[in-house]
Student: 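This is the structure I want to talk about, given as structure tokens.
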Amino acid sequence: MLAEPLKLPCGATLDNRIAKAAMTEGLADAFDDPGDRIANLYRIWSQGGAGLHVTGNVMLDRRFLERPGNVVLDEQTSYDGLVAWASAGTSAGNHLWMQINHPGRQCQRTSTSEPLAPSAVHLDLAGFFGKPRALTVAEIENIFDRYRFCAGAARDAGFTGVQVHSAHGYLSNQFLSPVTNQRTDEWGGSLENRARFLLQAVRVVRETVGPNFPVAVKLNSSDFQKGGFSNEDAAQVAAWLEELKIDLLELSGGTYENVTFMEGVSERAASTQRREAYFLEYAKLIRAAAPNTPLMVTGGFRTPAAMEQAVESGEIDVVGLARPFCVQPDFPRALLAGSPDELPTPERGLRLGPGVFGPASENRILRALNVQAGTAWFYQQIVDLADGNPTNVCLGARRALAGHLARDTTKAFQRKRR
């Protein structure tokens, strides 16, 4: 079943049901342009056999980055770099979709000290993010103009689809959540008003790229946060998205305040590990609400048996994977050929260990640091692939975290000096 093609509502066809989900690459140059390194990376991934690849989040406003090294797409972006990226990433005939994003309040201080958000609700994580200012209506409309530009430029450069990022606590997700959206105008309050931003973004993207070009959305199945965007909310938003005839709905979950989407397999409860896919249970309600929208679930899949079962049962249409691509870029070909029994899971051994924080704070702080260290470990594998080097599976968590922080600090400094 994984090897079967999938025809999307717009008429395009995915060659198989395996997709590389988005992972932020951090490979842009000091001018926020894509270059040879990101093209090299996606050429390797393209040859791996997956039917669909989704890029890491491309920023639509260079004033606000998710992290140093994000590619930005606006009037200043190198068009030749975009074309080279798209050409490399589709070299094996697969789809390559650009994920378009605005970080909102999840904008590092290295980018700006005053990010924009639906409301002035601060993400206070050790001073990492600045206190946001609430967007004006005119600024919201300007963001839609940027969605138009990004979508059109992506299509013209050779990307075969676009994905609107509305998960993981970024701007569109911030509009959806009552925790971060405390507006009293037409952009806040009821779920219909809170969903207005996402739905309008999808409309302007579709108007730009036309009816025959894939338009996807990444949505949280839940924020897993008290008073936040719930699974029931997600089901209703999915129903509205189906009315807009999107081509693929990818489900994930969590935000920076509840990092469900970044945790390793071993952080899961035993019952969830048996099911593998973190968000599959939450997909049921969404599937029922939007039965005609192709559905992709990302997070936790590691065995072919679980992937086959999820697709054959009709629970999902596409299996989303990410981290295995960092250590075994060609695993989709092996998987479609009937092996291996399990994909690589190096995240299970990535731990900083206890020691310096004291018993009162150790669990909370170590959990956050372990998540960050695990993410940094995979970032380093991405860098190695992009540079044509072998991946380093023996890399330790402490060294990975230190290297990641040093690399992003250097990139931020170079960007400011350009």
Side-chain angles (χ1 to χ4, degrees), residues 22-46 53-91 96-104 106-116 128-130 139 142-159 162-165 170-171 208 376 379-380 382-389 403-418:
M23 291 181 284
T24 176
E25 304 97 356
L27 294 173
D29 64 19
F31 295 92
D32 309 320
D33 285 333
D36 292 342
R37 300 173 79 206
I38 202 164
N40 292 341
L41 174 68
Y42 276 84
R43 185 177 294 105
I44 292 169
W45 278 339
S46 176
H53 290 260
V54 183
T55 72
N57 48 11
V58 172
M59 299 291 106
L60 46 73
D61 189 330
R62 66 183 58 245
R63 296 173 298 173
F64 309 107
L65 303 186
E66 169 256 343
R67 63 176 288 213
N70 284 147
V71 172
V72 176
L73 181 47
D74 61 12
E75 290 86 350
Q76 300 177 50
T77 303
S78 165
Y79 187 73
D80 289 343
L82 286 176
V83 171
W85 184 9
S87 177
T90 57
S91 58
L96 178 64
W97 296 357
M98 179 183 288
Q99 185 186 79
I100 304 172
N101 191 23
H102 189 301
Q106 289 179 182
C107 179
Q108 295 185 15
R109 283 186 181 273
T110 53
S111 169
T112 180
S113 60
E114 188 183 66
L116 302 178
F128 205 56
F129 303 100
E139 287 170 330
N142 176 259
I143 292 173
F144 295 139
D145 290 338
R146 293 175 182 273
Y147 272 110
R148 288 188 184 93
F149 183 88
C150 286
R155 177 202 57 198
D156 295 346
F159 291 85
V162 291
Q163 183 189 70
V164 175
H165 198 341
Y170 294 114
L171 181 62
T208 301
Y379 287 161
Q380 182 59 57
I382 287 175
V383 169
D384 287 339
L385 286 171
D387 290 341
N389 299 321
H404 164 62
L405 294 174
R407 189 165 51 247
D408 273 14
T409 299
T410 299
K411 278 186 169 291
F413 179 72
Q414 291 173 339
R415 189 172 186 265
K416 287 182 177 181
R417 288 193 63 191
R418 68 182 183 214

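Numbers here simply count residues along the sequence, with the first being 1. FYI, side chains are in, hydrogens and waters are out, and symmetry mates aren't considered; it's all heavy atoms of this structure.
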Student: I'd like to know if the side chain of His53 and the backbone of Trp45 have a donor-acceptor N/O pair within less than 3.5 Å.
Tutor: yes
Student: Mark yes or no for whether Thr90, through its side chain, and Ala86, through its backbone, hold a donor-acceptor pair below 3.5 Å.
Tutor: yes
Student: Give me the atom names and distance for the closest heavy-atom approach of Cys107 to Phe129.
Tutor: O-CD2, 3.4 Å
Student: Taking side chain as C-beta onward, heavy atoms only, is Pro34 less than 4.5 Å from Val58?
Tutor: no
Student: Mark yes or no for whether Asp61, through its side chain, and Arg63, through its backbone, hold a donor-acceptor pair below 3.5 Å.
Tutor: yes
Student: So Glu75 and Phe149, side-chain contact (heavy atoms from CB on, under 4.5 Å) or not? Walk me through it.
Tutor: CA-CA 8 Å; Glu75 290 86 350; Phe149 183 88; 3.9 Å; yes
Student: Between Met59 and Pro103, what is the shortest heavy-atom contact and its length?
Tutor: SD-CD, 3.6 Å
Student: Is there a side-chain contact between His165 and Ile100 in this structure, where contact means two heavy atoms from C-beta onward sitting under 4.5 Å apart?
Tutor: no
Student: Could you give me the CA-CA distance, side-chain angles and deciding distance for His102 and Tyr170, then say whether ring pair (Phe, Tyr, Trp, His ring centres under 6.0 Å) is met?
Tutor: CA-CA 7 Å; His102 189 301; Tyr170 294 114; 9.7 Å; no
Student: When you measure from the side chain of Ser91 to the backbone of Ala88, do you find a donor-acceptor pair of N or O atoms at a distance under 3.5 Å?
Tutor: yes
Student: Could you walk me through whether Phe159 and Trp97 pass the side-chain contact (heavy atoms from CB on, under 4.5 Å) check?
Tutor: CA-CA 6 Å; Phe159 291 85; Trp97 296 357; over 6 Å; no
Student: Say you draw a straight line from CD1 of Ile382 to CD1 of Ile44; how long is it, rounded to the nearest 0.5 Å?
Tutor: 11.5 Å
Student: With the side chain counted from C-beta on, respond yes when Asn70 and Arg62 share a heavy-atom pair under 4.5 Å apart, and no when they do not.
Tutor: no
Student: Take Arg148 and Asp145 through the test salt bridge (charged side-chain N to carboxylate O under 4.0 Å, His left out) and record every step on the way to the result.
Tutor: CA-CA 5 Å; Arg148 288 188 184 93; Asp145 290 338; 2.7 Å; yes
Student: May I ask you to decide if Pro115's main-chain N or O and Thr112's side chain share a donor-acceptor pair within less than 3.5 Å?
Tutor: no
Student: Other residues, nucleotides and ligands only: do more than 12 of their heavy atoms fall within 6.0 Å of CZ on Phe413?
Tutor: no
Student: Roughly how far, to the nearest 0.5 Å, is the NZ atom of Lys416 from the OG atom of Ser111?
Tutor: 8.5 Å
Student: Would you say the side-chain atoms of Lys411 pair up with the backbone N or O of Leu27, donor to acceptor, closer than 3.5 Å?
Tutor: no
Student: If I take atom CD1 from residue Ile143 and atom CZ from residue Phe64, how far apart are they, to the nearest 0.5 angstrom?
Tutor: 8.0 Å
Student: Whether the side chain of Thr410 engages the backbone of Ala406 through a donor-acceptor N/O pair (distance < 3.5 Å, no angle test) should be reported.
Tutor: yes
Student: Thr110 versus Asp408: any side-chain heavy-atom pair under 4.5 Å?
Tutor: no
Student: Side chain of Arg146, backbone of Leu60: donor and acceptor closer than 3.5 Å?
Tutor: yes
Student: Identify the heavy atoms of Ala153 and Tyr79 that sit nearest to each other, and give their distance.
Tutor: O-CE1, 4.4 Å
Student: Among side-chain atoms of Tyr379 and Glu25, is any donor-acceptor pair under 3.5 angstrom?
Tutor: no
Student: Among Gln163, Met98, Met23, which one satisfies side-chain contact (heavy atoms from CB on, under 4.5 Å) with Thr55?
Tutor: Met98
Student: Between Leu73 and Leu82, does a side-chain contact (heavy atoms from CB on, under 4.5 Å) hold up when you go through it step by step?
Tutor: CA-CA 9 Å; Leu73 181 47; Leu82 286 176; 3.3 Å; yes
Student: With no hydrogens and no angle check, is any side-chain donor or acceptor of Gln108 less than 3.5 Å from a backbone partner on Glu66?
Tutor: yes
Student: Roughly how far, to the nearest 0.5 Å, is the CG atom of Asp29 from the OG atom of Ser78?
Tutor: 8.0 Å
Student: I'd like to know if the side chain of Asp387 and the backbone of Asp384 have a donor-acceptor N/O pair within less than 3.5 Å.
Tutor: no
Student: Tell me, do Leu171 and Leu116 make a side-chain contact under 4.5 Å, heavy atoms counted?
Tutor: no
Student: Is atom CG of Asp36 surrounded by more than 12 heavy atoms (other residues, nucleotides or ligands) closer than 6.0 Å?
Tutor: no
Student: Take Asp32 and Arg415 through the test side-chain contact (heavy atoms from CB on, under 4.5 Å) and record every step on the way to the result.
Tutor: CA-CA 8 Å; Asp32 309 320; Arg415 189 172 186 265; 2.7 Å; yes
Student: Gln99 and side-chain contact (heavy atoms from CB on, under 4.5 Å): which single residue from Val162, Thr24, Asn57 fits?
Tutor: Asn57
